[in-house]
Chemist: 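Handing you a structure now.
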Amino acid sequence: MRRILTYGTFDLLHWGHIHLLKRARALGDYLIVAASTDDFAVRAKHQKAPYHQFQTRCDMLEAVRYVDLVIGESTWEQKVDDIRRYHVDTVVMGSNWKGSGRFEYLRDYCDLVYLPHTPGMSTNKIRRDLLADAVTVPGSLPNEPAPVTTQLTALPRTA
Ligand code: C2G
């Protein structure tokens, strides 16, 4: 039984995340995902507050068929304990972490694999694209507000 461990916020779950989880699972028999708590994502990783709260992100990850166990990530320092507690053989991360001091030291405890990052897809890109949509795309539901651009142009011009 080869046990794999990976870390991430996994907010607004997208193909980049799923593709990483699918390939990570294929490297072993059991995949553990450590999902960042909301506080850790904001305070330690300086990310925007996740769109989906921690428990929702965990529930979504548990629904992914490649994932066998979801645990929490609340500190940078927990990784060696996680490796020992869950008898991890390999830690897997996306290549945007390649060579990072946050992971390289784990080579003393288990195998460490970086998988190619899936291009053109990120949680922040989704946020930006949705904002762009909100600004330009007319609403489809009856009482949905008009796009921001329409509202702005409808405002009475002040001198
Ligand atoms: N990922 C990817 N391709 C993308 C987007 C993400 O391969 N287009 C990978 C990332 O490289 C990471 C995982 O998906 O391995 C989760 O990505 P994030 O939720 O952005 O996680 P991150 O903020 O990198 O957290 O302690 C480590 C951190 O928790 C890692």
Side-chain angles (χ1 to χ4, degrees), residues 1-137 140 147-148:
M1 162 82 85
R2 214 171 160 70
R3 300 162 76 88
I4 313 293
L5 171 63
T6 193
Y7 292 83
T9 304
F10 297 100
D11 190 29
L12 295 176
L13 207 59
H14 55 69
W15 171 240
H17 296 142
I18 302 290
H19 193 207
L20 188 271
L21 297 171
K22 180 178 183 180
R23 291 171 294 158
R25 181 63 170 75
L27 294 174
D29 311 290
Y30 191 82
L31 176 60
I32 303 159
V33 179
S36 308
T37 61
D38 300 327
D39 174 65
F40 181 67
V42 172
R43 186 179 42 76
K45 299 201 303 183
H46 312 298
Q47 295 175 340
K48 280 177 73 70
Y51 181 85
H52 292 303
Q53 291 186 340
F54 174 67
Q55 193 50 54
T56 304
R57 289 180 283 117
C58 291
D59 294 347
M60 292 172 75
L61 286 165
E62 279 166 4
V64 175
R65 67 188 177 89
Y66 309 118
V67 177
D68 298 287
L69 177 67
V70 179
I71 62 174
E73 178 190 28
S74 53
T75 73
W76 289 113
E77 296 73 28
Q78 68 180 69
K79 296 186 174 70
V80 174
D81 288 347
D82 294 341
I83 291 164
R84 289 184 172 138
R85 179 173 302 132
Y86 298 101
H87 310 290
V88 168
D89 300 288
T90 308
V91 166
V92 173
M93 290 300 294
S95 55
N96 53 313
W97 285 93
K98 198 172 181 78
S100 161
R102 299 284 188 196
F103 289 95
E104 285 300 316
Y105 72 101
L106 299 178
R107 292 185 190 282
D108 296 340
Y109 305 92
C110 66
D111 294 342
L112 177 61
V113 172
Y114 299 105
L115 295 173
H117 196 263
T118 302
M121 176 56 65
S122 76
T123 301
N124 286 335
K125 182 178 183 307
I126 292 172
R127 284 173 182 261
R128 286 193 302 273
D129 291 352
L130 290 176
L131 180 59
D133 279 0
V135 170
T136 56
V137 176
S140 53
V148 174

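Order of appearance sets the numbers: ligands from 1, and atoms from 1 within every ligand.
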Chemist: List the closest protein heavy-atom neighbour of atom 2 (C) of ligand 1: residue, atom name, distance to the nearest 0.1 Å.
Modeler: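 It is H117 CD2, 3.4 Å.
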
Chemist: From atom 8 (N) of ligand 1, work out which of M121, H14, H46, K98 has a heavy atom at the shortest distance.
Modeler: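 It is M121 whose heavy atom sits nearest to atom 8 (N) of ligand 1.
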
Chemist: Give me the residue, atom name and distance of the protein heavy atom closest to atom 23 (O) of ligand 1.
Modeler: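 Answer, as residue, atom name and distance: Q47 NE2, 2.7 Å.
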
Chemist: Once you round to the nearest 0.5 Å, how far does CG of L12 lie from OH of Y51?
Modeler: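 Going from CG on L12 over to OH on Y51, the span is 7.0 Å.
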
Chemist: Heavy atoms only: which of P119, G94, A24 is nearest to atom 15 (O) of ligand 1?
Modeler: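 That would be G94.
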
Chemist: Quick one: which of I32, L115, V88, V33 gives a side-chain contact (heavy atoms from CB on, under 4.5 Å) with T6?
Modeler: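 The side-chain contact (heavy atoms from CB on, under 4.5 Å) with T6 is passed solely by V33 among I32, L115, V88, V33.
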
Chemist: Among L112, D111, L5, which one satisfies side-chain contact (heavy atoms from CB on, under 4.5 Å) with T90?
Modeler: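 Single pass found, and it is D111.
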
Chemist: Would you say ligand 1 has an N or O under 3.5 Å from any N or O of S122?
Modeler: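 No, there is no polar N/O contact under 3.5 Å.
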
Chemist: Run the numbers for me: atoms of ligand 1, each under 4.0 Å from some heavy atom of K79, listed by number.
Modeler: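 Here the atoms of ligand 1 in question are 26 (O).
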
Chemist: Should the proximity of W15 to ligand 1, defined as any heavy atom under 4.0 Å, be assigned to the side chain, the backbone, both, or neither?
Modeler: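 Under 4.0 Å from ligand 1, W15 contributes no heavy atoms.
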
Chemist: Could you list the atoms of ligand 1 found under 4.0 angstrom from a heavy atom of Y7?
Modeler: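 Numbered from 1, ligand 1 contributes 26 (O), 27 (C), 29 (O), 30 (C).
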
Chemist: Check for me whether F40 has a heavy atom closer than 4.0 Å to any atom of ligand 1.
Modeler: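 No, that is not the case, since the closest heavy atom of the residue is not under 4.0 Å from the ligand.
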
Chemist: For atom 19 (O) of ligand 1, which protein heavy atom lies nearest, and how many Å away is it?
Modeler: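 For atom 19 (O) of ligand 1, the nearest protein heavy atom comes out as F10 N, 2.8 Å.
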
Chemist: Quick one: closest heavy-atom pair of N96 and H117, and the distance?
Modeler: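 Nearest pair, atom of N96 first, then H117: OD1-CD2, 3.1 Å.
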
Chemist: Which residue pairs pass the side-chain hydrogen bond (donor to acceptor under 3.5 Å, both in side chains) test with at least one member in residues 27-37, sequence neighbours excluded?
Modeler: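 Listed once each, the pairs are S36-K45, S36-E73.
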
Chemist: Could you list which atoms of ligand 1 come closer than 4.0 Å to a heavy atom of S36?
Modeler: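 The list of qualifying atoms is 29 (O).
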
Chemist: For atom 14 (O) of ligand 1, grab the closest protein heavy atom and report residue, atom and distance to one decimal in Å.
Modeler: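 For this ligand atom, the closest protein heavy atom is H17 CD2, 3.7 Å.
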
Chemist: Should the proximity of Y114 to ligand 1, defined as any heavy atom under 4.0 Å, be assigned to the side chain, the backbone, both, or neither?
Modeler: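 No part of Y114 is near ligand 1 at this cut-off.
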
Chemist: Do me a favour and list the nearest non-hydrogen protein atom to atom 24 (O) of ligand 1 with residue, atom name and distance?
Modeler: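 Protein heavy atom at minimum distance: W97 NE1, 2.8 Å.
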
Chemist: The criterion is side-chain contact (heavy atoms from CB on, under 4.5 Å); which residues satisfy it with R65, sequence neighbours excluded?
Modeler: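 Scan of R65 (side-chain contact (heavy atoms from CB on, under 4.5 Å), adjacent residues dropped) gives none.
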
Chemist: If I take atom CG from residue L31 and atom CZ from residue R2, how far apart are they, to the nearest 0.5 angstrom?
Modeler: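 Nearest 0.5 Å value for the CG-CZ distance: 13.0 Å.
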
Chemist: To the nearest 0.1 Å, how far is atom 11 (O) of ligand 1 from its closest protein heavy atom, and which atom is that?
Modeler: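 So the nearest neighbour among protein heavy atoms is N96 OD1, 2.5 Å.
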
Chemist: With side-chain contact (heavy atoms from CB on, under 4.5 Å) as the test, would you mind laying out the steps for H17 and T118 before giving the verdict?
Modeler: CA-CA 8 Å; H17 296 142; T118 302; over 6 Å; no

Chemist: Please state which protein non-hydrogen atom is closest to atom 18 (P) of ligand 1 and give its distance, to 0.1 Å?
Modeler: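 Heavy-atom neighbour on the protein nearest atom 18 (P) of ligand 1: T9 N, 3.9 Å.
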
Chemist: Measuring only between side-chain heavy atoms, which start at C-beta, is R57 closer than 4.5 Å to L13?
Modeler: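 Not touching, per the 4.5 Å side-chain cut-off.
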
Chemist: Looking only at protein heavy atoms, which one is nearest to atom 9 (C) of ligand 1, and how far off is it?
Modeler: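 Nearest neighbour among protein heavy atoms for atom 9 (C) of ligand 1, to 0.1 Å: L20 CG, 4.0 Å.
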
Chemist: With respect to atom 22 (P) of ligand 1, which of E73, R23, M93, K45 exhibits the smallest heavy-atom separation?
Modeler: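 The residue whose heavy atom sits nearest atom 22 (P) of ligand 1 is K45.
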
Chemist: On the ring face of W76, is R102 found with NZ or CZ under 6.0 Å from the centre and within 45° of the axis?
Modeler: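 Yes; both conditions hold, so R102 lies above the ring face of W76.
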
Chemist: So V80 and Y105, do their side chains get closer than 4.5 Å, heavy atoms only?
Modeler: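 Touching, per the 4.5 Å side-chain cut-off.
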
